[in-house]
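Working notes, structure below.
Counting from 1, the numbers follow the sequence of the chain as shown.
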Amino acid sequence: MYSQALNTKETAADTSPEATRFQARIDAEDRIEPNDWMPEAYRRTLIRQISQHAHSEIVGMLPEGNWITRAPSLRRKAALLAKVQDEGGHGLYLYAAAETLGVAREELTDQLLSGRAKYSSIFNYPTLTWADIGTIGWLVDGAAIMNQIPLCRCSFGPYARAMVRICREESFHQRQGYEIVMTLCQGTPEQKAMAQDALNRWWWPCLMMFGPPDGASEHSDTSMRWKIKRFSNDGLRQKFVDATVPQGRYLGLTFPDPDLRFDDESGHWRFGPIDWDEFRRVLAGDGPCNRERLEARRKAHDDGAWVREAALAYAAKQRIAA
Ligand code: BYC
């Protein structure tokens with residue numbers, strides 16, 4: 001269902017004097033700003049990644065938004081409402097960062113709504129119980145932080161600066177999630193079982209968030225040379241597992257992986273094989289909630305048409321008056 005047009009493999013092979021100077025700036029840890037010369041492939045790579053990231057934040061509001069009216073207390077409701085609003089804000093900063101590269105937000109929205117653009121696979125899974133909200137905060141935001149802290153040092157200035165605030169807010173999201181799961185784990189046996197069930201369902205999809213294994217990651221080499229990415233997909237996945245397993249064990253939860261074990265020699269938690277067929281199915285549009293998520297976004301867009309029309313009519317009136 002996704003357009004191949006968005007899916008061209010970029011290379012950093014340009015040997016022109018501008019490209020050589022550009023790479024020297026990257027190597028010297030200089031920041032690239034929107035009006036600076038940049039290879040077209042660098043621009044396209046950033047538009048692809050930043051827009052997919054923005055779409056993920058916007059679609060990511062849906063699974064949690066689904067629980068705002070059912071939060072178990074006023075305190076939980078206020079925190080969840082704030083978190084979901086933060087995600088809307090992250091989407092907006094990121095669309096603005098992408099626009100500095102010369103693409104219109106309308107075009108990016110169109111790519112999402114027409115199914116041509118990707119967004120994170122994780123948001124195609126359902127939120128079945130309140131424990132899922134805690135688990136999303138703990139694991140999904142935990143994975144997001146692991147991936148996004150290095151993006152604060154991305155070579156492209158507007159993306160790197162947007163990520164600083166986003167990471168601070170993600171850190172609050174992760175803590176509120178862990179606290180929900182901790183409360184459930186210290187509650188009744190039924191509550192603890194609910195937390196365990198949520199971990200069982202979310203663990204593997206969270207490991208997939210980091211993207212395909214390094215050997216199959218088509219963009220990693222170029223993006224790392226351009227210092228858009230600082231770590232490989234597998235490198236970040238391992239850091240996430242190492243940070244998260246002790247947190248789960250502290251809660252008395254069991255990870256749904258019979259192969260999970262601590263390797264004394266390397267100092268890492270080793271985990272079993274990831275089901276990459278499932279990942280590919282979700283990316284191809286056939287995950288549990290892909291259709292529902294896109295329908296919800298299309299409906300929101302259609303319902304908001306009058307706001308866009310009113311804003312345009314107001315702007316036209318102002319132009320006539322001026
Ligand atoms: N889901 O060559 P690769 C959040 C695609 S928001 C879907 O390794 P790259 C949050 C990839 O796009 C979370 N697609 O690519 C929000 C590429 O396809 P295209 C989002 C995936 O770009 C609300 C192809 O697979 N975070 O955390 O070097 C509430 C080959 O992959 C996925 C970001 O977007 C996936 N999981 O590396 C709570 C962070 N993985 O474009 C939380 C910014 C891979 O060729 N993005 N693909 O059609 C990145 O860091 C990188 O883009 C990725 C992938 C690590 C995700």
Walk me through it: do Arg25 and Asp36 pass the test salt bridge (charged side-chain N to carboxylate O under 4.0 Å, His left out)?
CA-CA 11 Å; Arg25 286 187 64 192; Asp36 295 348; 3.2 Å; yes
Would Lys227 and Glu29 count as a salt bridge (charged side-chain N to carboxylate O under 4.0 Å, His left out) if you check the C-alpha gap in whole Å, the side-chain angles of each, and the deciding distance to 0.1 Å?
CA-CA 8 Å; Lys227 297 190 179 166; Glu29 298 290 331; 2.9 Å; yes
Given Leu151, Thr45, Ile50, the one that forms side chain to side chain contact (heavy atoms under 4.5 Å, CB included) with Phe156:
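Testing each of Leu151, Thr45, Ile50 against Phe156, the sole residue satisfying side chain to side chain contact (heavy atoms under 4.5 Å, CB included) is Ile50.
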Taking atom types as modelled, find out whether [X] and [Y] have a side-chain donor-acceptor pair closer than 3.5 angstrom.
{"X": "His268", "Y": "Asp263", "result": "no"}
{"X": "Gln49", "Y": "His219", "result": "no"}
{"X": "Asp132", "Y": "Trp202", "result": "yes"}
{"X": "Thr127", "Y": "Arg201", "result": "no"}
{"X": "His90", "Y": "Glu87", "result": "no"}

Taking the basic N atoms (NZ, or NE/NH1/NH2) and the acidic carboxylate oxygens, is any pair closer than 4.0 Å for [X] and [Y]?
{"X": "Glu295", "Y": "Arg298", "value": "no"}
{"X": "Arg161", "Y": "Glu33", "value": "yes"}
{"X": "Arg76", "Y": "Glu179", "value": "yes"}

Between Arg237 and Asp234, does the salt bridge (charged side-chain N to carboxylate O under 4.0 Å, His left out) criterion hold? Intermediate values first, please.
CA-CA 5 Å; Arg237 195 171 3 252; Asp234 285 333; 2.7 Å; yes
Looking at Phe172, is Lys83 sitting on its ring face, NZ or CZ under 6.0 Å from the six-membered ring centre and within 45 degrees of the normal?
no
Does any N or O in the side chain of Trp204 come within less than 3.5 Å of the main-chain N or O of Pro256, such that one atom is a donor and the other an acceptor?
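The answer is yes, because a donor-acceptor pair under 3.5 Å joins these two groups.
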Kindly state whether the ring of His53 and the ring of Tyr95 have centres lying under 6.0 angstrom apart.
no
What do you reckon, are the aromatic ring centroids of Tyr42 and Phe22 less than 6.0 Å apart?
yes
Within 6.0 angstrom of Tyr250 OH, more than 12 heavy atoms from elsewhere:
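It does not: Tyr250 OH has 12 such atoms or fewer within range.
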Could you please spell out the steps behind the side-chain hydrogen bond (donor to acceptor under 3.5 Å, both in side chains) verdict for Asn124 and Tyr119?
CA-CA 9 Å; Asn124 292 306; Tyr119 57 86; 2.5 Å; yes
As a test of understanding, state which of Arg280, Arg291, Arg281 forms a salt bridge (charged side-chain N to carboxylate O under 4.0 Å, His left out) with Asp286.
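In the set Arg280, Arg291, Arg281, the residue that makes a salt bridge (charged side-chain N to carboxylate O under 4.0 Å, His left out) with Asp286 is Arg291.
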